[in-house]
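Have a look at the structure below, then the notes.
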Amino acid sequence: MTIETVTGFYFTDGGGMLGSAFMDIRGISYAFPWVECGAPIPPLSTARRFFGFNHAVRLYVDGPAVLQFDADGGAGAGIDTADGEYSVTGYLEALP
């Protein structure tokens, strides 16, 4: 399997920032940094913030694998609520 793009979207309520998103494939972790999309609306302690990323990659996975995503912590005044989704696209390819 060849993974070509990894996309993520998250929103948080509260004043904190998200750390990197990590995708784990068979014990190997790949980090994807979040980009804040737009300025939060004051007051910062309760503002909803939106984060996203879209990375073109070329990751080769030999055989079936479970992809595990985690948003790694955060920084700042704390995150009250966080929710998001990830998408991975690619294709299957026979290995020689």
Side-chain angles (χ1 to χ4, degrees):
M1 170 174 55
T2 301
I3 297 174
E4 290 189 317
T5 61
V6 180
T7 303
F9 166 80
Y10 242 77
F11 74 83
T12 64
D13 291 332
M17 298 286 288
L18 285 176
S20 294
F22 287 92
M23 179 175 65
D24 185 67
I25 304 173
R26 295 185 173 197
I28 299 173
S29 291
Y30 300 90
F32 301 95
W34 293 102
V35 176
E36 187 168 0
C37 305
I41 301 170
L44 293 179
S45 61
T46 59
R48 178 160 282 184
R49 296 169 182 248
F50 295 92
F51 300 88
F53 64 78
N54 186 37
H55 293 284
V57 297
R58 188 158 302 264
L59 303 174
Y60 300 101
V61 181
D62 183 13
V66 175
L67 306 180
Q68 175 69 42
F69 275 100
D70 292 306
D72 182 38
I79 296 172
D80 296 329
T81 303
D83 191 21
E85 296 183 18
Y86 301 95
S87 175
V88 176
T89 61
Y91 56 92
L92 294 177
E93 169 179 349
L95 296 175

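The residues of the chain are indexed from 1 along the displayed sequence.
Scanning all heavy atoms of the two residues, the minimum distance from D24 to S29 falls at OD1-OG, 3.4 Å. The two residues G52 and C37 have their closest heavy-atom pair at N-SG, 3.8 Å.
With hydrophobic clusters built from ILVMFWY side chains whose heavy atoms lie under 4.5 angstrom apart, I25 shares a cluster with V57. Under the 4.5 Å side-chain heavy-atom criterion for grouping Ile, Leu, Val, Met, Phe, Trp and Tyr, M23 is connected to I28 within one hydrophobic cluster. Transitive grouping of hydrophobic side chains (ILVMFWY, heavy atoms separated by less than 4.5 Å) keeps Y91 and L59 in distinct clusters.
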Please report the C-alpha distance between V6 and Y30 in whole Å, then the side-chain angles of each, then the deciding distance to 0.1 Å, and finally whether the side chain to side chain contact (heavy atoms under 4.5 Å, CB included) criterion is met. CA-CA 10 Å; V6 180; Y30 300 90; over 6 Å; no
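Taking Ile, Leu, Val, Met, Phe, Trp and Tyr as members and joining any whose side-chain heavy atoms lie under 4.5 Å apart, directly or through other members, the hydrophobic cluster of F11 also contains F9, F50.
Side-chain atoms of R26 come within 3.5 Å of backbone atoms of D62 as a donor-acceptor pair (strictly under, hydrogens ignored).
One distance of note links OG1 of T7 with CZ of F53; it measures 7.0 Å at 0.5 Å rounding.
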